[in-house]
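Here the structure is laid out as structure tokens; the discussion comes afterwards.
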Amino acid sequence: ELGCGIGRFLEATGAVGLDISWGMLAEARRRLPKAPLVRGSGRELPFADAAFDAVLAIDTFPYIVQAGLAEIHLAEAARVLEDGGELLVFNYAYGSEEEFPVLAGRYGFAPEMAGTRPFRAWDGSAWRLRRRALPPGRAPQSA
């Protein structure tokens, strides 16, 4: 989970939590002593290629987008996902999200759920993107 914060979703998902904040990770560790937690910015994920079947980002991308780092994070998500893996983004940006499917497509992602708002108690958008298998020797496109 990119931007796991204090670990609210880690117990339910069993995910590896990644956050840039030592304070957030300390609180996550206090709450979930056995959870796998990693400090990192998401710019260079400290995981092997194709290490995961899913990457989850809950309300972290708006800040990533504001910082101008969305492409870097999408490239890293694509790298650590196995072919057919899923990128689940809940809330891509505050404002227009029209660029997201085009940008994600550059990194081999195809939307299966595109910016819907399926929640009654939260107005955030939901994106479910699948990483397409690329032909051998072909890397994802960069901008």
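Here the structure is a predicted model, which is why all the values come from computation and not from measurement.
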Report yes if the side chains of [X] and [Y] come closer than 4.5 Å at any heavy-atom pair, otherwise no.
{"X": "Leu25", "Y": "Glu27", "answer": "no"}
{"X": "Arg132", "Y": "Phe109", "answer": "no"}
{"X": "Phe61", "Y": "Leu74", "answer": "yes"}
{"X": "Asn91", "Y": "Tyr63", "answer": "no"}
{"X": "Pro46", "Y": "Val38", "answer": "yes"}

Determine whether Thr60 and Phe90 satisfy the following criterion, side chain to side chain contact (heavy atoms under 4.5 Å, CB included), listing intermediate values before the conclusion.
CA-CA 8 Å; Thr60 54; Phe90 295 97; over 6 Å; no
Between the side chains of Glu97 and Ser125, does any donor sit under 3.5 Å from an acceptor?
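There is such a pair (donor and acceptor under 3.5 Å, judged by atom type) between the side chains of Glu97 and Ser125.
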Polar contact flag, side-chain donor to acceptor under 3.5 angstrom, Glu99-Tyr92:
yes
Under 3.5 Å, side chain of His73 to main-chain N/O of Glu44, donor-acceptor pair present?
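No; zero donor-acceptor contacts below 3.5 Å.
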Any donor-acceptor pair under 3.5 Å linking the side chain of Arg79 with the backbone of Phe47?
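Here the side-chain-to-backbone pair exists.
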Would you say [Y] ends up clustered with [X] if hydrophobic residues are merged whenever their side chains have heavy atoms under 4.5 Å apart, either directly or through other cluster members?
{"X": "Leu10", "Y": "Met24", "result": "no"}
{"X": "Leu69", "Y": "Leu87", "result": "yes"}
{"X": "Phe9", "Y": "Val89", "result": "no"}

Ring centroid separation for Trp127 and Phe100, is it under 6.0 angstrom?
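Here the rings of Phe100 and Trp127 have centres that are less than 6.0 Å from each other.
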Would you name the heavy atoms of [X] and [Y] that are closest together and state the gap between them?
{"X": "Gly124", "Y": "Phe119", "value": "O-CD1, 4.2 Å"}
{"X": "Ala15", "Y": "Pro36", "value": "O-CG, 3.9 Å"}
{"X": "Leu18", "Y": "Ser41", "value": "CD2-C, 4.5 Å"}
{"X": "Gly7", "Y": "Ala28", "value": "N-CB, 4.0 Å"}
{"X": "Ala114", "Y": "Pro111", "value": "CB-CB, 4.1 Å"}

Sidechain N-carboxylate O distance under 4.0 Å for [X], [Y]:
{"X": "Asp83", "Y": "Arg131", "result": "yes"}
{"X": "Glu86", "Y": "Arg128", "result": "yes"}
{"X": "Glu11", "Y": "Arg31", "result": "no"}

To the nearest 0.5 Å, how far apart are [atom1] in [X] and [atom2] in [Y]?
{"X": "Cys4", "Y": "Leu56", "atom1": "SG", "atom2": "CG", "value": "10.0 Å"}
{"X": "Met113", "Y": "Arg130", "atom1": "CE", "atom2": "CZ", "value": "11.0 Å"}
{"X": "Glu1", "Y": "Leu37", "atom1": "CD", "atom2": "CG", "value": "10.0 Å"}

Single hit among Asp19, Ile58, Leu45, Ile20 for side-chain contact (heavy atoms from CB on, under 4.5 Å) with Leu2:
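By the side-chain contact (heavy atoms from CB on, under 4.5 Å) criterion, Leu2 pairs with just one of Asp19, Ile58, Leu45, Ile20: Leu45.
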Option from Asp53, Val55, Leu129, Asp49 for which side-chain contact (heavy atoms from CB on, under 4.5 Å) with Leu81 holds:
Val55
If you count heavy atoms of other groups shown closer than 6.0 angstrom to CZ of Arg117, is the number above 12?
yes
